[in-house]
Amino acid sequence: MPLTRFTLRQIEAFIAVAEAHSFTVAASRLGLTAQAVSQLIAELETLLGFRLFDRTTRKVALSSAGRDFLGSAATLLRHVRAADSAADDVRNRASGVVRVGAPLVLASTALPMAMRDYQKLKPKVVVRVRDVPVDHLVDRVAEGDVDLAIGPDRHTGEAVASTPLFDSAWVLWCAADHPLTQHQRAVRWSELAGVAIVSAGRDHEHNVAQMHQDVPAGTRVTPVDVVDNISTALGIAAQGLAVTLAPAYVGVLARPFGLVMRRVVEPESVRKVCLYTPAARALSPAAEGFAEFLGDWVRRWSVDQ
């Protein structure tokens, strides 16, 4: 018997009549005429090859074969309704798994807070954070390893779309008793000559190099050490062994170390943080919904940093 000849409407009619013991009552529940329900049952019985009901002028009762078939039919309808509900959740961005890539600072601070707030709105959506180095963010989105990513501005090419979220100035972080804290608001590049600077990874080296482009050769600085993680650089700075250059939003990690922030000017460099999404690949409804939420949420978060 081809399964494609089974219709859900026939199964619905069978269960409705079995529960109501009446074609008329079942028809009312289904929004059909009693004649239409009778036709659906007759079609199903023809397909099955046995009678489902024993009919008399006074009542409708399940046949022996009908009783044996009822459990399977009810299970089938229950699973179909569950699948329909799941499809509705997906369509309305209410369920699914979303993989988000981000570098250390954002992955450990902003993203978990955004996830907590989004879970209150969409409890069936599961967001997974992937720690991704800054230089690999765009590639991970392009290759499909993550659904979307958030991080510093990088060249994307045609495979990935970039949406600017907020700007954050590059600043100096140093121990509270460091001599540079005597500068009340800002430090010039020329005043960093001879100051021990620790840099965190190639991303920070890259941005420091960009700052140097408009700085006279005599005032350029070179890190005395390069470490892999920003938390390591902050720890070294907290002991007064060096200072470190990082975006202002790093303050969420820097301040618990007791570090003090000073702007670096002449020139002042600003980092742009972006949301990265695939340009040629459609996001799932769940990922699309979280991307919209995350963009607005991170913009608000940045104002407080």
Do T181 side-chain atoms and A176 backbone N/O form a donor-acceptor pair below 3.5 Å?
-> yes
Quick one: does I11's side chain get under 4.5 Å of L44's, heavy atoms only?
-> yes
Would you call P152 and P103 a side-chain contact if the rule is heavy atoms closer than 4.5 Å?
-> yes
Compare all side-chain heavy atoms of V243 with those of V198 and state whether any distance is below 4.5 angstrom.
-> no
When rounded to the nearest 0.5 angstrom, what is the spacing between NE2 in H136 and CD in E143?
-> 9.5 Å
Taking all atoms of both residues into account, what is the closest heavy-atom pair of A246 and I230, and its distance?
-> CB-CD1, 4.0 Å
Note: D147 and R99 closest approach over all heavy atoms is OD2-N, 2.7 Å
From Q182 CD over to R262 CZ, what is the distance, rounded to the nearest 0.5 angstrom?
-> 10.0 Å
Are the side chain of S199 and the backbone of V226 linked by a donor-acceptor contact shorter than 3.5 Å?
-> no
Looking only at heavy atoms, the pair that brings A175 and A238 closest together is CB-O, 3.9 Å
Return yes if some donor-acceptor pair links the side-chain N/O of S168 with the main-chain N/O of A248 below 3.5 Å, else return no.
-> yes
Taking all non-hydrogen atoms of both residues, which atom of L70 and which atom of A18 are closest, and how far apart?
-> CD1-CB, 4.1 Å
Could you go through the side-chain contact (heavy atoms from CB on, under 4.5 Å) check for T163 and C274 one step at a time?
-> CA-CA 5 Å; T163 303; C274 301; 6.0 Å; no
Do Y276 and S162 have side chains that get closer than 4.5 Å, going by heavy atoms?
-> yes
Roughly how far, to the nearest 0.5 Å, is CZ of F166 from CZ of R271?
-> 9.5 Å
In Å, rounded to the nearest 0.5 Å, how long is the span from CE of M115 to CH2 of W297?
-> 11.0 Å
On a heavy-atom basis, the closest approach of R281 and A142 is NH1-O, 3.7 Å
Taking Q10 for the side chain and T7 for the main chain, is one N or O donor matched with an acceptor at less than 3.5 Å?
-> yes
Is it possible for you to say whether L283 and L294 belong to one hydrophobic cluster, with membership spreading through side-chain heavy-atom contacts below 4.5 Å?
-> no
Hey, what do you get for CG (L172) to CG (L192), rounding to the nearest 0.5 Å?
-> 6.0 Å
Evaluation steps, side-chain contact (heavy atoms from CB on, under 4.5 Å), between L148 and V141 | CA-CA 6 Å; L148 53 114; V141 174; 5.6 Å; no
Straight-line distance of S108 OG to L253 CG, nearest 0.5 Å | 4.5 Å
Is it true that E45 and R55 have a side-chain N and a carboxylate O under 4.0 angstrom from each other?
-> yes
Within a reach of under 6.0 Å around CG of L76, are more than 12 heavy atoms found that belong to other residues, nucleotides or ligands?
-> yes
Are L106 and L137 joined in one hydrophobic group, where the rule is that I, L, V, M, F, W and Y side chains link up if heavy atoms are under 4.5 Å apart?
-> no
Take E292 and D296 through the side-chain contact (heavy atoms from CB on, under 4.5 Å) test and state the conclusion after the steps.
-> CA-CA 7 Å; E292 291 180 7; D296 292 337; 5.7 Å; no
Decide yes or no for V298 and I150: does some side-chain heavy atom of the first lie under 4.5 Å from some side-chain heavy atom of the second?
-> yes
Linking I/L/V/M/F/W/Y whenever any side-chain heavy atoms sit under 4.5 Å apart, do V25 and I41 land together?
-> no
Give the ring-plane orientation class for F69 versus F14, where under 30° counts as parallel, over 60° as perpendicular and anything between as tilted.
-> tilted
Above 12 or not: heavy atoms from other molecules or residues under 6.0 Å from CZ of R188?
-> no
Same apolar cluster (I L V M F W Y, side chains within < 4.5 Å links), V129/L121 | yes
What one should report as the nearest heavy-atom pair of L241 and A196 is O-CB, 3.8 Å
Taking C-beta and beyond as the side chain, do V100 and R128 meet within less than 4.5 Å on heavy atoms?
-> no
Got a salt bridge between D135 and R154, using NZ or NE/NH1/NH2 to carboxylate O under 4.0 Å?
-> yes
Report yes or no: do V105 and W173 belong to one cluster of Ile/Leu/Val/Met/Phe/Trp/Tyr joined by side chain heavy-atom distances under 4.5 Å?
-> yes
If you draw a 6.0 Å radius around CZ in R263, do more than 12 non-hydrogen atoms from other residues or ligands fall strictly inside?
-> no
Test side-chain contact (heavy atoms from CB on, under 4.5 Å) applied to L32 and R9, step by step = CA-CA 11 Å; L32 299 172; R9 204 57 167 158; 3.8 Å; yes
Are Y249 and V273 side-chain neighbours, meaning at least one heavy-atom pair lies under 4.5 Å?
-> yes
Heavy-atom side-chain proximity of V98 to V126 below 4.5 angstrom | no
Donor-acceptor pair, side chain of T75 and main chain of G71, under 3.5 angstrom | yes
